[in-house]
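What follows is one structure encoded as structure tokens, with my remarks underneath.
To find a chain, count down the sequence lines: A is the first, B the second, and so on, and within it residues start at 1.
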Number of protein chains: 2
Amino acid sequence: MTGNGDTLPAATVYEVAERAGVSIATVSRTFSDSGKVAARTREAVLQAAQELQYVPAAAARALAGRRTRALGAVLPHIDGHYYSQLLVGFDIAASELGLSVVLALASPDGVHSPHALDLLGRVDGIAFMAPSGADDEFVARVAGVRPTVTVARGRVEGADAVHAENRAPARELTAHLLEHGRRRIGFVGRPEEGSDIAGRHRGCLDALEDAGLSLVRLYEVDPVEDAGREVAERILREPIDLDALVCGNDELALAVISRLTAGGVRVPEDLAVTGWDDTVAARYITPGLTTVRQEIEQLGALAARRLAARIDGSPAADPVTIGSRAVLRASCGCAEPA
Amino acid sequence: MTGNGDTLPAATVYEVAERAGVSIATVSRTFSDSGKVAARTREAVLQAAQELQYVPAAAARALAGRRTRALGAVLPHIDGHYYSQLLVGFDIAASELGLSVVLALASPDGVHSPHALDLLGRVDGIAFMAPSGADDEFVARVAGVRPTVTVARGRVEGADAVHAENRAPARELTAHLLEHGRRRIGFVGRPEEGSDIAGRHRGCLDALEDAGLSLVRLYEVDPVEDAGREVAERILREPIDLDALVCGNDELALAVISRLTAGGVRVPEDLAVTGWDDTVAARYITPGLTTVRQEIEQLGALAARRLAARIDGSPAADPVTIGSRAVLRASCGCAEPA
DNA sequence: CACCAGACTGTATGCGCTTACATCACGGAT
DNA sequence: ATCCGTGATGTAAGCGCATACAGTCTGGTG
């Protein structure tokens, strides 16, 4: 038999109060440090609490205080750099604000489990970090009843929005390709209304227009490896006159490069390729992947802070955007650095 | 001005009860489907609830029901494949059991924010997914008062434990290296008591012993890219007679290969290298990284289910281990597949 | 036709905490 | 000496729900 198996009932304010020789109100005040407790008393309470291993019951606090002190985070249940960083930033910022984070992973297509609703009863505000999709309606509904922030999604009435910069960097990235002498450019990714990839697509078109050119081809696919491989295969099968491919994210770009290279296409000599996100693999593939790095953690932190502000009564604010910077490696045609 | 800014106070059982023409007990029963409600009544309640956009307040349920219906997950705040998958598995399993997940990220060195304590007041059970470290004491303390499960950590009295298989696969992997004719093998990673990497190290030694050999060198470093690069640099600087390197994880292996290759060492011809985790980059680097793949999601799911069982009264059970399988690519000396 | 077992539903209590409001002690101002 | 402001603490009333216990109503039995 390992351990005692059972757990003793936790101490309550009453027991702490009795032990410290004060009333429960004083215990409560001590733990919510409203500053209204004399130093001596405070010490005594803390001491008693420590001895009893007292931890305030969040449920009771939430019920009495009418706020849960928790934030909800909805993201697709896929692993990967982007969402991990987002979540890390969100959690750190939330915990700095004294808020807990409750998770609600949605399936990648945006369908929520019935428990996504439970979330509403658990938190003071919700951040939607999954890409726009089947849950648009749900988001709008939530935004009507709780402080809500969307992360890199289409605009929702009543919700705050935070974004990573897409259009301008995409424009620069594409312009960079043009400087390398590329002229026949294709884009890989589905530019869905309000999504990150739509912004990247737009920026790519901007640069092209600046140069009096137009996009040779749009491969409208999901931003996943499989889709990237398929695009590469289509290119190998029906060669078209393309000298650069701007991919909506690194997953696509990596798969494209890998498959194309295996098929005999030289990257970047025959075809330059760029990605977006600066994932780990981007710096291990050959040639190194030229991509865009963003402070996704900051984005997550921003979301948490906006939510907290809304909860504290601030009105919804204008969308906020965080910056990004290109990481030039070899896949665009630059010389591989030492 | 965007949105109404304010949120209406949420509906309660009282309002639903009144609208449906029943008592609050019936509303409560309907939502906790204890099966004690007549179909007609149930319909009426659901209807009323829908109209009022009623969502049960988790805090009140928790307080009255004496259980939060939430699990806590403690993991280091680093991004990466492994922890994402773990969390995804944990969350999916938890939500299938009707439980929410509250996050508590600890800094990578195991130091918890003061808010890690809050977690105790918020959940019915806690899973520690961060590697053993500065928080060992905290884990033991939690295990004394709440159902607790450790994931890939050293044994803790009173806590359940789940692990991924390490020793046996490491033995096989090393044996595979021996089959390739390698004899002078080194290990990269710090084999800390009870950790995954300790198991891998042990398995590596097993295979060596089986063959009457011994480890040529142990590079005892943290399992991160920087450390891998430093090991590679040390090897370039002070060449030692090594023909294979078993790395504690992919991060190390990738960094080692990358740096070594840049320094003129041919992998796998001069030196074979293996990793662990089968991260994304493992299949994009050249040569493809031979590594071990594990169903980390399953591990997370297992943790959630054990916790739920403990909460429902089951006693602590014996540690559980999930399997794994080697993924042979080219870095071990195998021919690169098509 | 009286009686009883279910099957439902209602009443009432309390989960552990926050927070208005009341109380009290104390010291300076008048 | 009296009055009153100030700061510290206590009192008590819920917060929204689960649930034990007590009805109420049906239909089947003897």
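In this structure, R40(A) atom CZ and dA25(C) atom C1' are separated by 16 Å, rounded to whole Å. dG16(C) atom P lies 20 Å from atom CZ of R69(A), rounded to whole Å. Nucleotide dT9(D) holds its P atom 15 Å from the CZ atom of F31(A), rounded to whole Å. Distance CZ (R29(B)) to P (dC21(D)): 13 Å, rounded to an integer number of Å. Per the geometry, CZ belonging to R61(A) stands 10 Å off P belonging to dT19(C), to the nearest Å. Whole-Å rounding puts the I24(A) CD1 to dG14(C) C1' distance at 13 Å. The separation between D118(A) atom CG and dC17(D) atom C1' is 15 Å, rounded to whole Å.
Sequence order on DNA chain D of the closest nucleotides to G65(A) and G65(B) puts G65(A) first from the 5' end. Along DNA chain C, the nucleotide nearest to S23(B) and the one nearest to L63(B) differ in position, and the one closer to the 5' end is contacted by S23(B).
Within the 4.5 Å cutoff, the side chain of F128(A) has no heavy atoms near those of the D136(A) side chain.
Side chain of Y54(A), nearest nucleotide from dG10(C), dC17(C), dA18(D): dC17(C). The side chain of T26(A) approaches dG10(D) more closely than any other nucleotide in the set dG10(C), dC17(D), dG10(D). Here dC15(C) is the nucleotide among dT11(C), dA12(D), dC15(C) with the atom lying nearest to any side-chain atom of A64(B).
Side-chain nitrogen and oxygen atoms of T41(B) include none within less than 4.0 Å of the OP1 or OP2 phosphate oxygen of dC8(C). S28(A) has no side-chain polar atom (N or O) that falls below the 4.0 Å cut-off from OP1 or OP2 of dG16(C). Distances shorter than 4.0 Å separate none of the side-chain N or O atoms of T12(B) from OP1 or OP2 on dG16(D).
Using a 4.0 Å heavy-atom criterion, one finds that V37(B) contacts the sugar-phosphate atoms exclusively. Contact annotation for A25(A): base contact, defined as any heavy-atom pair under 4.0 Å involving a base atom.
Contact annotation: side chain of R66(A) to base of dG14(D), donor-acceptor pair absent below 3.5 Å. Remark: the Y14(B) side chain and the dC17(D) base include a donor-acceptor N/O pair separated by less than 3.5 Å.
In this structure, E295(B) and I322(B) approach most closely via the heavy-atom pair O-CD1, 3.1 Å.
Residues D135(B) and R153(B) are paired through a salt bridge, judged by an N-O separation under 4.0 Å between the basic side chain and the carboxylate.
Proximity of a side-chain donor or acceptor of D124(A) to a complementary backbone N or O of R67(A) within less than 3.5 Å is not detected. Of the possible polar contacts, one joining the T30(A) side chain to the T26(A) backbone as a donor-acceptor pair under 3.5 Å is found.
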